[in-house]
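Notes for the one structure printed next.
In what follows, every heavy atom counts, from backbone to side chain, and hydrogens, waters and symmetry copies are set aside. Nothing fancy with the numbering, it's 1 onward along the sequence. Only a predicted model underlies this, so the values are computations on that prediction, with no experimental measurement involved.
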Amino acid sequence: MRQRWHALLRAILFVFLLSIGHAVSAETSQLSWEYWETDSPEFSIRGAKTVPVFSKDEGRWRKFNPQFGVAVPEGTHHVWIRVYIPPDTGADESLFFSTTDQSVQIFLDGVSIYRYGDLGNHASSYGRKWHLVDLPAWAVGRQLYMQVHSDNTWVLGQFDRVRLDRAAHQIADVFIYDFPYVSGITALVIFIMLLGVYFFTEKELRDIYLRLIVVLVVFFVWMLSSSSLVLLWADWPVFWWTLELVSSYLIPLSANLLIYRVIDDDYKKRILQISIVYGLIFVSAIVLEILGQNGLYLMRFFFYLALAVCGMMIGYWLFMCHRRGNKHCRPLLVAFGTLSVLAVVDGLSFQYRIFPWHTYFVPFGIYTIGFFIVQLILERAAHERYLAELSASLENEVSVVTRKMEVDPLTGAFNRNKFPAATRDFMRISLEIKEPFALIMFDIDHFKKINDTYGHDVGDVVLVGFAQTISGFLDRRHILIRWGGEEFILLCLHYDGAEAEAFANMLREAVSEAHINPSDQVTCSGGVAIWYGTPEDTAEHMVKRADTALYQSKENGRNRITCEPDWRAHMPPRRVKKKPQSDGNDEGDGKSRRDR
């Protein structure tokens, strides 16, 4: 198990280093970014169809970092940006960048070469969008002018993942950038399918499985909507951006739904209070968004702050419950503690813009949920092992009790309770293999006299000795049953009437020769009955015919065996046994030996 965790940690480290390598490679040749700081309000409140004249009397160009956007006055929704394309740029290179909630139009020498959005007052968001702009060969060494519009001044002029390279390399980088998302989504699908199986097969933990599935589904939606590749297949930037924002608010709420189920009772009220905080932030974001105030984006400033504070509180409570012996809290602490820390780091980078980064950290932490899932699986395996051991113990106890019910405690032979099942099985086997089935009823001669003369203790010794003597000749084709008193029944498979009678006589002689009672010779009589192979010939009928034959043995002087007279007419046909064939050489050799 430890080796598996080491392999999982190595895989996460590999994905993390791959993302770091991608982030470093994204820093290409430095581009010079400037925005027009205007003294005229026309530049900030209206869009333009062409590049205006930028007069020094009306403003100035100021350098800025596109990672952090431009500083504009309140109420500004348009900004002009220019970027210089270096002379060392290849003729076939393209400009790649991503924007959030902004429309963009790019001009080169006064000609529009790219446009996204309508650059006018917009009732809804422009969404999250990455742009790939094919640059003409004559763009090298020239200025690109960009007109950017957004109703959200917090993101105006922010450009992420800016890169100059060939278009094929740009698309390849999109795939590399999304590798953590693709691998994380794959892991989530596997986790959900695995938990789905356990949800339908394990009733005891079904509530936990359902809550965990809800958490994973919300994570799945967030990671899918956050990826860049999804825009290649479904270019709906507004839809995916809205879905990303909404699902990010739902992640801690769904996580608290699971934590509430697992944590100790005295902390449940506190989890509800934390959930109310998250819920109020989410509702406020929805209301402000409906009012056109960019609520889903702006409330994330409060959301990440609440996540940092509430995450530490929940982590402490989970730790305390773990110390009390709650076995579910430790893996939850590892999973959601890691995810909370990574989410706060993402907020510092993408929301507060404290440091630049090119990808979310949270996808790297999604694998920590596997700790909790593995713990649930191990718990279920231990429970199944306990049930299996308990079942085996119960089966053994039932087997012991059943055997006690079917075995005669004095002689060790089966008692009458075994008779119905034994005869039923032998009749079924007899039909299947087309072999006869015989029943022999034995009775110890003058047993009452033995009891009266020597006492019941000696009578018990005779019964035990009789059963042991008979059992010495038996194999799996036979079942010995003490029918009652001094009467015994022997079930014989593969025996017809003649064979059963001969075998019974052999047993009778063995009994008479055995010194069962040192004071006197012990003999027995028997009657043989053959099964007719029909449903009408029941076990009771066989016993009756064997008892009739036994009575005849008693009438004829005892110490003898009698078989029912007309068994040949009723016994079903027996399967034909193939005789071994011999070749001509054997016959010739035999003839030569006879001639000699």
Side-chain angles (χ1 to χ4, degrees), residues 181 183-227 230 239-240 242-265 267-283 285-286 296 300 303 306-307 310-311 314-315 317-318 321 326-340 342-343 346 360 362-363 365-377 379-380:
Y181 297 89
S183 60
I185 289 173
T186 303
L188 286 173
V189 171
I190 295 174
F191 289 160
I192 292 172
M193 294 175 62
L194 180 63
L195 291 173
V197 173
Y198 284 111
F199 174 78
F200 289 105
T201 57
E202 181 64 40
K203 295 183 179 180
E204 184 177 352
L205 299 177
R206 179 171 293 178
D207 186 33
I208 293 181
Y209 291 139
L210 179 60
R211 294 168 187 254
L212 184 53
I213 289 173
V214 171
V215 175
L216 296 180
V217 169
V218 175
F219 258 112
F220 174 85
V221 173
W222 178 84
M223 292 187 68
L224 181 65
S225 59
S226 301
S227 67
V230 71
F239 171 77
W240 295 118
T242 305
L243 194 62
E244 176 186 345
L245 291 174
V246 171
S247 58
S248 65
Y249 287 103
L250 294 179
I251 287 175
L253 287 173
S254 62
N256 284 353
L257 186 68
L258 174 62
I259 295 173
Y260 179 84
R261 171 62 175 79
V262 172
I263 205 166
D264 293 347
D265 291 340
Y267 289 106
K268 290 185 183 296
K269 184 177 180 179
R270 302 179 187 182
I271 298 297
L272 286 178
Q273 294 171 346
I274 295 293
S275 300
I276 291 174
V277 173
Y278 286 131
L280 290 176
I281 294 175
F282 179 51
V283 172
I286 294 294
L296 288 175
R300 294 217 300 181
F303 170 77
L307 190 63
C310 297
I314 293 177
W317 298 335
L318 288 173
C321 292
N326 190 325
K327 56 186 177 182
H328 290 146
C329 287
R330 179 184 178 185
L332 271 186
L333 176 61
V334 173
F336 291 108
T338 303
L339 289 171
S340 297
L342 295 180
D346 287 340
Y360 283 108
V362 169
I366 198 66
Y367 303 96
T368 57
I369 298 181
F371 285 95
F372 183 63
I373 296 177
V374 169
Q375 197 271 340
L376 290 178
I377 294 176
E379 180 182 344
R380 183 176 186 273

Task: Interatomic distance, Trp222 atom CH2 to Tyr249 atom OH [nearest 0.5 angstrom] - done: 14.0 Å

- [ ] Output the distance between atom CD1 (Ile213) and atom CG (Leu194), rounded to the nearest 0.5 Å.
- [x] 9.5 Å

Open item on the list: Quick one, Phe219 and Ser254 - any side-chain contact, counting heavy atoms below 4.5 Å?
Closed with: no

Task: Name of the residue among Leu245, Val218, Val221 meeting side chain to side chain contact (heavy atoms under 4.5 Å, CB included) with Leu250 - done: Val218

Open item on the list: Measuring from atom CD1 of Ile373 to atom CG of Leu195, what distance do you get when rounded to the nearest 0.5 angstrom?
Closed with: 4.5 Å

Open item on the list: With side-chain contact (heavy atoms from CB on, under 4.5 Å) as the criterion, how do Leu212 and Ile369 come out once you've worked through the C-alpha distance, each side chain's angles and the decisive distance to 0.1 Å?
Closed with: CA-CA 9 Å; Leu212 184 53; Ile369 298 181; 4.1 Å; yes

Open item on the list: If you compare all heavy atoms of Ser183 against all heavy atoms of Tyr367, which two are closest, and at what distance to 0.1 Å?
Closed with: OG-OH, 2.8 Å

TODO: Answer whether the closest heavy-atom distance between the side chains of Ile263 and Asn326 falls below 4.5 Å.
DONE: no

Task: Atom pair OG1 (Thr186) and CZ (Phe191), whose distance is rounded to the nearest 0.5 Å - done: 11.0 Å

Open item on the list: Give me the atom names and distance for the closest heavy-atom approach of Phe200 to Arg206.
Closed with: O-NH2, 3.7 Å

- [ ] Determine whether Ser247 and Ser225 make a side-chain contact, defined as any pair of heavy atoms from C-beta on separated by less than 4.5 Å.
- [x] yes

Open item on the list: Contact between Leu376 and His328 at the side-chain level, heavy atoms closer than 4.5 Å - yes or no?
Closed with: yes

TODO: For residues Gly315 and Leu333, report the shortest heavy-atom separation together with the two atoms involved.
DONE: O-CD1, 3.3 Å

Task: Inter-residue atom distance Leu224.CG - Ile185.CD1, 0.5 Å rounding - done: 5.0 Å

Task: Sub-4.5 Å side-chain heavy-atom contact between Arg261 and Leu257 - done: no

Task: Atom pair SG (Cys310) and CD (Gln273), whose distance is rounded to the nearest 0.5 Å - done: 10.5 Å

Task: Note, Tyr267 side chain near Ile314 side chain (heavy atom, < 4.5 Å) - done: no

Task: Min side-chain heavy-atom separation Phe336-Leu258 under 4.5 Å - done: yes

Can you give me every donor-acceptor pair (side chain of residues 274-283, partner residue at least two apart or in another chain, under 3.5 Å) with its distance?
residue	atom	partner	partner atom	Å
Ser275	OG	Asn256	ND2	3.2
Ser275	OG	Ile271	O	2.9

Open item on the list: Side chains of Thr201 and Tyr209, heavy atoms from C-beta outward: is any pair under 4.5 Å?
Closed with: no

- [ ] Mind listing the closest non-hydrogen atom pair of Ser226 and Tyr181 along with its distance?
- [x] CB-CE2, 3.8 Å

